[in-house]
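What follows is a single structure, written as structure tokens, with notes after it.
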Amino acid sequence: MCGITGWISYDRDLRNETATVDAMTETMACRGPDARGTWIEGPAALGHRRLAIIDLPGGRQPMTTTTPEGAVTLVYSGEAYNFTELRRELTGLGHRFRTDSDTEVVLRAYLAWGEAVAERLSGMYAFAIWDGRHDKLVMIRDRMGIKPFYYYPTSDGVLFGSEPKAILANPLAPARVRLDGLRELFAMVKTPGHAVWDGMYEVEPGTVLTLDRKGLRRRVYWRLETRPHLDDCATSVATVRSLLEDIVRRQLVADVPRCTLLSGGLDSSAMTALAARQLGEQGEKVRSFAVDFVGQTDNFVADELRGTPDTPFVHDVARASDTEHQDIVLDAQSLADLDVRARVIRARDLPMGFGDMDSSLLLLFQAIREHSTVALSGESADEVFGGYLQFFDEEARRADAFPWLVQFSRHFGDDAALLRTDLTDALDLESYIADSYRTAVADIRRLDGESDFEYRMRQMSHLHLTRFVRILLDRKDRTSMAVGLEVRVPYCDHRLVEYVYNTPWALKSFDGREKSLLREATADLIPKSVYDRVKSPYPSTQDPKYALALQEHARGLLARPDHPVFDLVDRERVDRAAHRDTPQITQASRRGLERTLDLALWLDLYSPEVSLS
């Protein structure tokens, strides 16, 4: 796990631009605290910050191999979980290895198979290769978009980086957001390739981008395809279990301390139990960590989203799997702290608006990093197996819209309501979201004979796996890497995703509940309390002191009437929420305060040019 960046400029010698290349590389220091390196040759410059996970002394980057036709140099972020098999195959083809790192395997795999290396990799990765034999750059991103990857075309080449901040450190890329970027920021639709920043794009998941003197070319090497599912229920359950066993075993490989993120839900509990059993065979114990809030368990109040507190279930799993467990208990003041919120925004480069759930995630990862360098997460199981409330919500099922937005508006209101009326009119988010939805469902293939209901559930699964999950994967990666923690996501293994996606909804919910396949596949591993537990989202604090702290911060912002945030948000709405009796603050008002504060911090930190054109 690392941070990568680079600059290709066919019209200049970048050896004269070392200061800029160094500045781009240093923005990735949090992603790679263990080592740094740059490589510059003529029109190509590559930068790397390393978080050492496998082959600690041998995996330094940029990594170069010399051929008679020219040098080939790689900067790589992520993990290839099948590197052992690839290394064996490459050795049989005559390749000789100097290190034990998966980085060298990827480099030599490119030498053997060129851009087709993409199809051979299994894992989470974003990497760039400068092929000096042909003066071309090859950029490849993993199938599910687990690792972030951004690029910015220039008049004579391209800038790229693991995060926008690396690109924005180059004077060629101004920090500017236009109207379409603001739409993406507030729509929560995750348009493929969209990066919010003007002129910048994401390398899309499952895609190879190649740059040479003729320009950029794009090739999709993987997409989520519709295929018939012929297995019966028992076979489907057994296949899911077999896949999970193999996936977790591969993702436990590391030369540094590992742990699991444990919430007491089905996803993280099943993963933790599998990891505990596998490591137990080697005489090791799993370390597990959970987030909690001061007084939350004792004073918990059930609502429409969360029916139970996490901690009792967490402790059931920790006892059953005999993990070395630790609760990370956070208070309201820490969650609302403006410095913590600013660190979240620096990590993500944008004010994404997850409020205390972002702050708690950063503080959780920070605490874990004191003990472990790699953590396994249950992220994406809800998208894969159908765990969210909207999968069972008749309104969301019938809606000609992104299903999570139906649930979101019901519980949190309309984010755009906090904006100034003139901006709301200019954004026209309703049309933007509708157009995005039509594009998203246009290419979802329907099986011959598939019922209307099954096809609608296929659409919902596809939308979650190609849109919604990418929002959460980006959040997980950027927040964890801000503290130098590698978070792995076993449920995003493309083999599991492909298999379960094509399983009919009647099998995904064969017992009338969410995630039926996962529950039965791991029933022998998890406590009965977890087996019976209803899905509960990532926790949010219920402490009224948190809302009180938000109001205090908002009143401080209101005392600065010339702050540029009031060019975007409705000042009167903020004023009403900031002065309302704290116990009467609604979820929508609380979220409005969170988004306003995050927007203000983003404007302070990045000073972006915001253009309403």
Side-chain angles (χ1 to χ4, degrees), residues 144-145 148 164 177-197 201-202 204-205 304-305 341 344-345 347-359 361 379-380 382-383 387-391 393 395-397 399-419 423-424 426-441 459-479 537-538 540 568-569 587-599 602:
M144 290 294 290
V177 176
R178 295 189 185 275
L179 197 60
D180 209 41
L182 290 175
R183 292 187 178 107
E184 191 68 18
L185 190 61
F186 286 98
M188 205 174 179
V189 297
K190 193 57 176 173
T191 303
H194 207 303
V196 178
W197 297 98
Y201 306 90
E202 280 191 306
E204 292 186 34
E304 291 180 329
L305 287 177
R341 303 184 85 86
V344 170
I345 291 168
R348 305 199 57 190
D349 295 310
L350 291 169
M352 297 305 296
F354 282 81
D356 70 302
M357 293 184 288
D358 268 347
S359 298
L361 195 65
E379 193 77 86
S380 82
D382 286 307
E383 290 81 2
Y388 289 118
L389 289 173
Q390 54 262 28
F391 282 103
D393 184 321
E395 182 184 355
R397 285 173 169 177
D400 194 23
F402 291 104
W404 56 87
L405 294 183
V406 175
Q407 280 284 327
F408 190 88
S409 62
R410 184 181 301 158
H411 295 292
F412 300 105
D414 181 5
D415 262 6
L418 70 92
L419 302 176
L423 178 56
T424 302
L427 289 173
D428 189 12
L429 286 178
E430 184 176 349
S431 296
Y432 183 78
I433 293 170
D435 290 345
S436 182
Y437 177 77
R438 284 191 290 270
T439 300
V441 298
Q459 287 181 321
M460 291 180 70
S461 295
H462 195 283
L463 292 169
H464 279 84
L465 288 166
T466 58
R467 295 292 189 108
F468 190 67
V469 77
R470 294 177 186 174
I471 297 172
L472 300 184
L473 289 173
D474 184 75
R475 171 178 177 257
K476 183 83 73 179
D477 175 271
R478 304 284 288 281
T479 311
Y538 183 88
S540 177
L568 302 176
V569 304
Q587 284 287 351
S589 293
R590 173 171 143 170
R591 180 169 171 79
L593 290 175
E594 289 173 327
R595 292 229 70 173
T596 298
L597 291 169
D598 287 352
L599 280 166
W602 175 61

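Under the 30°/60° scheme for interplanar angles, the aromatic rings of Phe412 and Phe408 are found to be tilted.
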Exercise. Output, in order, the C-alpha distance, side-chain angles, deciding distance and verdict of side chain to side chain contact (heavy atoms under 4.5 Å, CB included) for Thr424 and Phe186.
Key: CA-CA 10 Å; Thr424 302; Phe186 286 98; over 6 Å; no

Practice problem: Start with the C-alpha gap between Glu383 and Tyr388, add the side-chain angles, then the distance that decides, and say whether side chain to side chain contact (heavy atoms under 4.5 Å, CB included) holds. | Solution: CA-CA 8 Å; Glu383 290 81 2; Tyr388 289 118; 2.6 Å; yes

Quiz prompt | side chain to side chain contact (heavy atoms under 4.5 Å, CB included) between Arg478 and Asp349, worked out | solution = CA-CA 9 Å; Arg478 304 284 288 281; Asp349 295 310; 2.5 Å; yes

Practice problem: Begin from the C-alpha positions of Leu465 and Met144 and carry the test side chain to side chain contact (heavy atoms under 4.5 Å, CB included) through to its verdict. | Solution: CA-CA 8 Å; Leu465 288 166; Met144 290 294 290; 4.3 Å; yes

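The minimum heavy-atom distance between Asp382 and Phe391, with the atom names listed, is O-CE1, 3.8 Å. Across Arg348 and Thr479, no two heavy atoms sit closer than the pair CD-OG1, 4.3 Å. Here the closest non-hydrogen pair linking Ser380 and Val469 is CB-CG2, 3.6 Å. When all heavy atoms of Ala187 and Ile433 are compared, the pair lying nearest together is CB-CG1, 3.9 Å. Contact between Asp358 and Arg475 at its shortest, heavy atoms only, is OD1-NE, 2.8 Å.
Note that the CG atom of Leu568 and the CH2 atom of Trp602 stand 7.5 Å from one another [nearest 0.5 Å]. Taken to the nearest 0.5 Å, the CG atom of Leu419 stands 8.5 Å off from the CG atom of Leu182. To the nearest 0.5 angstrom, His462 atom NE2 is 10.0 Å from Gln459 atom CD. One distance of note links CG of Leu599 with CD of Glu594; it measures 12.0 Å at 0.5 Å rounding. We find the CZ-CG distance between Arg410 and Asp393 to be 4.0 Å, quoted to the nearest 0.5 Å. Distance check: Thr596 OG1 to Leu418 CG gives 5.0 Å after rounding to the nearest 0.5 Å.
Side-chain atoms of Ser436 and Arg183 form no donor-acceptor pair, as typed in the model, at a separation below 3.5 Å.
No salt bridge links Arg595 with Asp598; every basic N to acidic carboxylate O contact stays at or beyond 4.0 Å. Under 4.0 Å is where a charged nitrogen must lie from a carboxylate oxygen, and between Glu204 and Arg470 no such pair does. Taking the charged nitrogens against the carboxylate oxygens, Lys190 and Asp474 have no contact shorter than 4.0 Å, which rules out a salt bridge.
A donor-acceptor pair is defined here as one N or O able to donate and one able to accept, closer than 3.5 Å; such a pair exists between the side chain of Glu184 and the backbone of Thr191. With hydrogens and angles disregarded, no donor-acceptor distance shorter than 3.5 Å links the side chain of Glu202 to the backbone of Pro148. In this structure a side-chain-to-backbone donor-acceptor pair under 3.5 Å is present from Ser409 to Val406.
Side-chain contact check for Met352 versus Leu185: some heavy-atom pair is nearer than 4.5 Å. Residues His464 and Pro403 have side chains in contact (heavy-atom distance under 4.5 Å, counting atoms from C-beta outward). Leu463 is not listed as a side-chain neighbour of Phe468, based on a closest heavy-atom distance of 4.5 Å or more. Inter-residue side-chain proximity for Glu304 and His411 is flagged as met; some heavy-atom pair is nearer than 4.5 Å.
Each of Tyr432, Phe402, Trp404 was checked for a ring pair (Phe, Tyr, Trp, His ring centres under 6.0 Å) with Tyr437, and the lone residue meeting it is Phe402.
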